[in-house]
Number of protein chains: 2
Amino acid sequence: MHLLLKKITEKITINPSLESKIQTHFTRIDTKKSEQLLSANQTAKYLYYIEKGALHNYYYHEGKQVSSWFYLEDQLITSWYSFYSQEPSFENIECLEDCTLYRISYSDYQLLIDEFPAFGNFARLLSEEMTAVLDYFSKSWSFLSAKEKYIMLDEYFPKIELRVKLGYIASFLGISQETLSRIRAGK
Amino acid sequence: MHLLLKKITEKITINPSLESKIQTHFTRIDTKKSEQLLSANQTAKYLYYIEKGALHNYYYHEGKQVSSWFYLEDQLITSWYSFYSQEPSFENIECLEDCTLYRISYSDYQLLIDEFPAFGNFARLLSEEMTAVLDYFSKSWSFLSAKEKYIMLDEYFPKIELRVKLGYIASFLGISQETLSRIRAGK
DNA sequence: AAGATCTTTTGATCTATATCAAAAAATTAT
DNA sequence: ATAATTTTTTGATATAGATCAAAAGATCTT
């Protein structure tokens, strides 16, 4: 919980009353590798803070799993489209390792926003940051070759190759597993 | 100005005092086709509301212009990455037609957010909507063929083919102009 | 209206990466 | 440890879409 509070105070100042409400509304959950936190067609009910572990969201394309993003320690994860719009998600959220998470429900999130302008600012800054990341990412990656994408990977997800299997990374990069294998072999 | 106020009241309730501040801080500008509102390496100072006209943001890749998004009537446009982070932009903003715009500066935007919680909510909902659009878009487009992308275009930018030249659309879709020409000819 | 310039189309060829198939290596279970 | 399963690598072949070049069609300019 301490790390989550620290994460929030990077963006806003928290008074004691808000701090205690955050402690009430975020609840800790411990998960095992390959546990699924959200399935496609469900509406994302929770926003999660990752204290420990790694997760990804993925969807199916022609029967195959495609990783759409990886999330590591000290990050917030949900299906952004679904959480913000409260429409059914097109993607799944899955733990890639055993995780320690803190989650808040959509309704409690709205409650904190209504009650604490500072928390509203946190929520705004969080989605502004997400917009900026997605904006920058989608534009800077679209013209890269398979090899260039692989080289860029570490800037977004440090050491991810050591934590998740090749097929997930290849699907994230939008290339086949065989091509990624050949790139790694330097061919 | 009436249409801008209507746009904002889709998301929040405006009291008279906020209304008058919005009228003060958004200023009308009329631009000509091919006028440039932002250049790469500048930091985005303004957020624009489009009352009339069409714009795009674009960047250069290997010497060629690449459109990264199109914006039409009743939408808000800026370089999201740059406006939110106040870091230099990697893209340009250009008018594709003569436009009627209303713009607010970054500092006035922050001022309205600080002074009016309702406006803070507007700003939050706007970036949540941008996050949702970018999230959904980047995932749903990445595995489409050139032809499928062209078919999807109209859902995002109705009738855009009638308003901007082929090369811009091809660059947005990430395909060559020749390929798009062949797709249109049904080959 | 004629010429100049810009935009789109068509044809021929090339290439990065996909796909299919099978071997090798690594991991997990008994 | 050995077998079973999963993951990664390697080889051979196919293909969507790129690139290059030039013709055709539009749109501006004087």
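First the proteins, then the strands, lettered A, B, ... as listed; each starts at 1.
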| query | Under a 4.5 Å cut-off applied to non-hydrogen side-chain atoms, are B:Tyr46 and B:Leu37 in contact? | reply | no
| Within a reach of under 6.0 Å around NZ of A:Lys147, are more than 12 heavy atoms found that belong to other residues, nucleotides or ligands? | no
| said: How many whole angstroms separate atom NZ of B:Lys149 from atom C1' of D:dA18? | reply: 13 Å
| query | Starting at CD of B:Glu178 and ending at P of D:dA22, how long is that distance when rounded to a whole Å? | reply | 14 Å
| request: Would you state whether a donor and an acceptor, one from the side chain of B:Arg182 and one from the base of D:dT19, lie under 3.5 Å apart? | output: yes
| OP1, OP2 of C:dT9 versus side-chain N and O of B:Ser181: anything below 4.0 Å? | yes
| field | Whole-Å distance separating the CG atom of B:Leu166 from the P atom of D:dA24 | value | 19 Å
| request: Measure from the side chain of B:Gln177, starting at C-beta and using heavy atoms only, and say which of D:dA21, C:dA18, C:dT8 lies closest. | output: C:dT8
| query | Picking from B:Phe172, B:Trp141, B:Tyr136, what satisfies ring pair (Phe, Tyr, Trp, His ring centres under 6.0 Å) with B:Tyr156? | reply | B:Trp141
| task | May I ask you to say what B:Leu180 touches in the nucleic acid, namely base, sugar-phosphate or nothing, with a heavy-atom cut-off under 4.0 Å? | result | nothing
| task | Calculate the interatomic distance between B:Phe143 atom CZ and C:dT17 atom C1'; express it in whole Å. | result | 13 Å
| field | Residue mapping more 5' on DNA chain C - nearest nucleotide basis, A:Lys33 or A:Glu62 | value | A:Glu62
| said: Measuring from the side chain of B:Ser176 (C-beta onward, heavy atoms only), which nucleotide among C:dA18, D:dT9, D:dA18 has the closest atom? | reply: D:dA18
| query | More 5' along DNA chain D: A:Thr179 or B:Ser145, using each one's nearest nucleotide? | reply | A:Thr179
| field | Ring centers of B:Tyr81, B:Phe83 separated by less than 6.0 Å | value | no
| said: Nearest whole Å is fine: how far is C:dT27 P from A:Leu162 CG? | reply: 12 Å
| remark: Between CD1 of B:Ile169 and C1' of C:dT7 the distance, given in whole Å, is 13 Å
| said: Please report the distance, rounded to the nearest Å, between CD1 in B:Ile183 and C1' in D:dG17. | reply: 9 Å
| field | Donor on one side chain, acceptor on other, A:Ser138 and B:Ser138, under 3.5 Å | value | no
| task | Could you tell me the separation between the NZ atom of B:Lys165 and the P atom of C:dT8, rounded to a whole number of Å? | result | 7 Å
